[in-house]
4 protein chains.
Amino acid sequence: MPTSTWFRLNVGKRERVLEVAMREFGGLGYSSGSLNTIAREAGIAKGSLFQYFNDKLEFFAYVCDEVSRRIREEMQRRIDALDVAQPFEGWLFDVFCEWTEYMAEHPLERAMLAAADFELDNSIRSVVRDTANQHYLQVISPSLRAWRERGGIRGDADPDVLASLMMMLLPFLALAPYYEGLDPILNLRGRTPAEQRPVIRQLIAGLRPVYAVPGT
Amino acid sequence: MPTSTWFRLNVGKRERVLEVAMREFGGLGYSSGSLNTIAREAGIAKGSLFQYFNDKLEFFAYVCDEVSRRIREEMQRRIDALDVAQPFEGWLFDVFCEWTEYMAEHPLERAMLAAADFELDNSIRSVVRDTANQHYLQVISPSLRAWRERGGIRGDADPDVLASLMMMLLPFLALAPYYEGLDPILNLRGRTPAEQRPVIRQLIAGLRPVYAVPGT
Amino acid sequence: MPTSTWFRLNVGKRERVLEVAMREFGGLGYSSGSLNTIAREAGIAKGSLFQYFNDKLEFFAYVCDEVSRRIREEMQRRIDALDVAQPFEGWLFDVFCEWTEYMAEHPLERAMLAAADFELDNSIRSVVRDTANQHYLQVISPSLRAWRERGGIRGDADPDVLASLMMMLLPFLALAPYYEGLDPILNLRGRTPAEQRPVIRQLIAGLRPVYAVPGT
Amino acid sequence: MPTSTWFRLNVGKRERVLEVAMREFGGLGYSSGSLNTIAREAGIAKGSLFQYFNDKLEFFAYVCDEVSRRIREEMQRRIDALDVAQPFEGWLFDVFCEWTEYMAEHPLERAMLAAADFELDNSIRSVVRDTANQHYLQVISPSLRAWRERGGIRGDADPDVLASLMMMLLPFLALAPYYEGLDPILNLRGRTPAEQRPVIRQLIAGLRPVYAVPGT
DNA sequence: TATGAATGAGTATTCATTCAT
DNA sequence: CATGAATGAATACTCATTCAT
């Protein structure tokens with residue numbers, strides 16, 4: 001959706017603009033994020049932004065897409081590296097740990113995830129969330145299916161409910177340590193990745209019956 | 001936190017201001033919601049708002065609190081009227097149905113719930129979410145404890161995980177039918193309360209093992 | 001100029017309003033000083049101020065007058081207590097020291113002096129300065145005349161120039177220690193009364209020929 | 001301190017904005033001077049002012065600096081043109097006359113001088129007065145030193161006291177004819193430059209012993 | 001293709017004053 | 001006589017977007 005001009009830009013400038021935009025939009029969200037600020041901090045002219053993108057929303061959507069893609073690729077890589085010989089529960093724990101570690105190490109990506117998740121306006125949200133969700137599902141769904149076929153998950157588990165559960169838990173785990181009021185019970189707020197691990201264990205253990213093969 | 005002036009106002013005006021504010025803040029959120037607009041639509045002078053509240057945040061926080069209180073009271077009332085002689089699963093279904101019906105019938109309250117849930121700014125979020133969470137927990141926690149003691153929930157279920165699950169499911173069910181991108185799997189978006197019921201059933205069924213007493 | 005209502009007020013309230021007003025107007029000047037703030041901090045209704053004074057300017061003028069009167073009375077008292085058997089130069093030093101000490105001990109009066117001195121608007125200034133000047137002159141002029149007749153001042157000194165000099169030096173000495181940029185040469189800014197004394201000596205010594213009787 | 005945009009502006013517009021600002025700030029001072037008014041009267045958009053200056057204080061400070069510089073340059077030129085073969089007293093008279101004439105002919109500069117001199121707020125005053133004082137001193141100090149070395153001033157005169165006297169007399173002479181309550185004794189208020197001259201003579205004569213070489 | 005000046009409606013908030021109670 | 005609610009114009013400042021260069 002960016003103009004052709006954007007893609008003809010040299011990589012350094014493109015990366016700089018993108019990083020500044022992630023910081024600005026990630027910190028303030030779509031409507032409060034300022035194009036003036038982004039242009040200033042990226043060291044480009046205000047007008048140039050409009051040579052690269054037709055308007056603010058297109059710019060925001062592009063940044064969101066880019067971030068979703070990065071998160072997805074990196075997580076795909078990490079998940080592919082995990083041990084699938086272990087039981088499902090251990091694998092799930094590893095996935096959640098990789099996820100929370102990634103989020104801890106990538107504050108800009110995490111902030112953009114929040115900016116998209118916390119967007120109130122439906123017309124903006126719809127532009128932004130759908131592609132993000134596709135990215136997530138393309139990682140989650142095949143994995144769950146594989147585990148199912150391998151017999152790591154109880155046969156009568158509803159795959160849609162499992163996937164929905166994942167779609168709720170992932171942003172929760174990603175953001176609860178950094179945003180107020182998301183988790184008044186387990187107290188993830190302010191915890192380091194290491195300190196989050198016992199909570200992740202507790203969650204997985206509590207949900208075990210949902211997926212666990214009976215009798216194992 | 002509002003000024004004494006606010007509470008001395010005649011009820012009609014207070015209600016009018018509150019309703020307009022719910023619509024404005026609920027539709028646009030804290031930062032994009034305009035005090036000018038609220039004053040105009042409520043038919044009062046811009047300056048008057050500042051006789052009632054010291055600043056925008058205090059105003060927003062008040063509206064949130066008020067809405068939380070209303071939701072909580074009404075839900076408490078509805079839940080108290082439910083049949084507790086039935087199994088937990090039936091009761092839970094009833095609760096979720098009451099909840100989604102309430103949300104369908106109260107678009108302003110629902111919108112404010114979203115405005116608070118989708119607030120990105122931590123300093124505003126913290127002002128607003130903590131009290132809301134307290135309200136929710138004061139309804140959820142005692143109910144779960146009672147069911148537990150009554151033996152309606154499996155004895156080894158982790159109460160914190162159950163409560164956290166509820167805290168995730170409630171806003172999900174409330175908002176997913178009205179906000180884009182919240183639910184890419186079960187497709188609640190756009191459904192009427194009646195159409196939401198099968199999805200609720202599916203969710204509860206899928207999660208059954210988490211709470212169900214084995215062998216029942 | 002205040003209404004009769006003001007004078008019928010009990011002394012405590014009157015004093016409280018006056019003190020708060022001195023602090024507010026003294027700190028912010030006429031135009032930036034806020035009647036809302038004064039009313040709030042004095043614990044009276046906003047409307048009441050307008051029962052006591054017809055408008056803001058009348059209020060400000062009253063406070064200025066009151067302060068001028070207090071300063072004048074106290075300074076008259078202090079000057080009357082000084083030793084007039086000593087040479088004029090010693091007496092003058094004593095007067096300036098009394099003055100700077102009084103100003104150090106009475107920050108509210110000093111601030112109001114500044115508020116009146118620094119007022120830019122002629123229409124307000126004229127209301128406020130003339131009476132203040134009368135107060136000053138009624139202390140300065142008779143003293144100078146007496147010293148002249150007693151032969152403590154050289155006979156050919158121009159009394160108007162002497163008085164004008166006093167009228168410049170008094171606010172300068174009063175305010176230079178507390179306001180930026182008034183004294184870039186002698187560096188009174190920030191000095192305690194004790195630290196101001198050598199500067200006062202220097203000033204008087206430097207100006208000695210203006211008044212000193214030749215040959216003494 | 002203005003932005004680069006300001007300096008890239010065409011001279012005509014810059015001069016227009018500056019003149020309007022001098023009139024507004026000079027008439028009403030920093031805090032009461034309105035940026036809205038300046039923009040409207042200069043025929044530019046409100047937002048444009050903020051392209052030129054980051055905020056109101058920076059704008060005000062710039063105008064003050066500019067005015068100080070102009071006054072200083074013009075006065076330096078005039079003083080350099082004076083006859084230094086005459087006695088000091090005659091030279092001093094000429095300086096004061098040039099000064100008061102300049103002020104009579106340049107109401108905008110005079111008004112800004114007053115706006116800076118009458119500013120109550122220390123944080124603004126300090127920004128504005130220090131540079132102004134430097135300008136004054138750079139004219140006054142070398143002149144006095146030169147006269148001293150040439151023997152035109154009595155050798156035992158305290159140069160700091162002389163300079164301080166000048167720093168008090170200059171604004172006094174500049175503003176007393178135009179501002180109420182500055183001069184209740186010599187009655188400069190309302191006088192034309194020609195009418196001010198006898199008063200200047202009187203002042204200089206009255207202060208003669210301070211500088212005059214004894215026996216001349 | 002990049003620039004950056006210009007715009008004008010928008011923001012939250014403050015103010016002195018009025019006047020019905 | 002005291003109260004305090006109401007007012008609406010005022011404030012500095014920000015914004016996404018346009019467009020001539």
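Naming: A, B, ... by sequence-line order, numbering from 1 per chain.
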Atom NZ of Lys46(D) to atom P of dG10(E): distance rounded to whole Å?
11 Å
Phosphate OP1/OP2 of dG4(E): any Ser48(A) side-chain N/O under 4.0 Å
no
Could you tell me the separation between the CZ atom of Arg40(B) and the P atom of dA9(F), rounded to a whole number of Å?
14 Å
With a 3.5 angstrom cut-off on both distances, give the Watson-Crick or G-U wobble partner of dA12(F), or none if there isn't one.
dT11(E)
Watson-Crick or G-U wobble partner of dT3(E), both distances under 3.5 Å
dA20(F)
Are Phe53(A) and Phe60(A), when compared by the centres of their aromatic rings, separated by less than 6.0 Å?
no
Separation of dG10(E) atom C1' from Ile38(B) atom CD1, nearest Å, is 15 Å
Of all the nucleotides listed (dT17(F), dT11(F), dA16(E)), which has the minimum atom distance to the side chain of Phe50(C)?
dA16(E)
Side-chain atoms of Ala45(C) come closest, of dT3(F), dA12(E), dC13(F), to dT3(F)
Do the two ring centres, one from Tyr62(C) and one from Tyr52(C), sit under 6.0 Å apart?
no
Residue met sooner reading DNA chain F from 5', once Gly47(D) and Gln51(B) are mapped to nucleotides:
Gln51(B)
Just checking Leu9(A): base, sugar-phosphate only, or nothing, at a heavy-atom cut-off of under 4.0 Å?
sugar-phosphate
Kindly point out which of dA2(F), dT17(F), dA2(E) is positioned nearest to the side chain of Leu35(A)?
dT17(F)
Whole-Å distance separating the CZ atom of Phe59(B) from the C1' atom of dT13(E):
14 Å
Rounded to whole Å, CG of Leu49(B) lies from C1' of dT11(E) at a distance of 14 Å
Looking at Tyr52(B), I'd like to know whether one of its side-chain N or O atoms comes within less than 4.0 Å of OP1 or OP2 on dA6(F).
yes
Check every atom of dA16(F), dA16(E), dA10(F) against the side chain of Ser34(A) and return the nucleotide holding the closest atom.
dA16(F)
Let me know, please, whether Ser4(D) or Asp55(B) comes out on the 5' side of the other along DNA chain E by nearest nucleotide.
Ser4(D)
Among the candidates dT13(E), dA16(F), dC13(F), find the nucleotide nearest to the side-chain atoms of Lys56(B).
dT13(E)
Is the cationic atom of Arg125(D) (NZ for Lys, CZ for Arg) positioned less than 6.0 Å from the six-membered ring centroid of Phe118(C) and within 45 degrees of its normal?
yes
How close or far is atom P of dA12(F) from atom CG of Asn54(D), stated in whole angstroms?
16 Å
Tell me whether the side-chain N/O atoms of Lys13(D) come closer than 4.0 Å to OP1 or OP2 in dA6(E).
yes
Can you find a pair of side-chain heavy atoms, one from Arg14(C) and one from Val17(C), that are under 4.5 Å apart?
no
Nearest whole angstrom, please: distance from the P of dG4(F) to the CG of Asn10(B).
17 Å
Of Gly43(D) and Ile44(A), the one whose nearest nucleotide on DNA chain E sits closer to the 5' end is Ile44(A)
Of the nucleotides dG8(F), dA2(E), dT17(E), which has the atom closest to the Asn36(C) side chain?
dT17(E)
Atom CD of Glu58(A) and atom P of dA16(F) are separated, to the nearest Å, by 15 Å
Does the pair Arg16(C) and Glu19(C) meet the rule for a salt bridge (Lys or Arg N to Asp or Glu O under 4.0 Å), with working shown?
CA-CA 5 Å; Arg16(C) 206 168 65 243; Glu19(C) 188 189 314; over 6 Å; no
Among side-chain atoms of Ser34(A) and Asn36(A), is any donor-acceptor pair under 3.5 angstrom?
no
Starting at the 5' end of DNA chain F and moving along, which residue's nearest nucleotide shows up first, Glu24(A) or Ser32(D)?
Ser32(D)
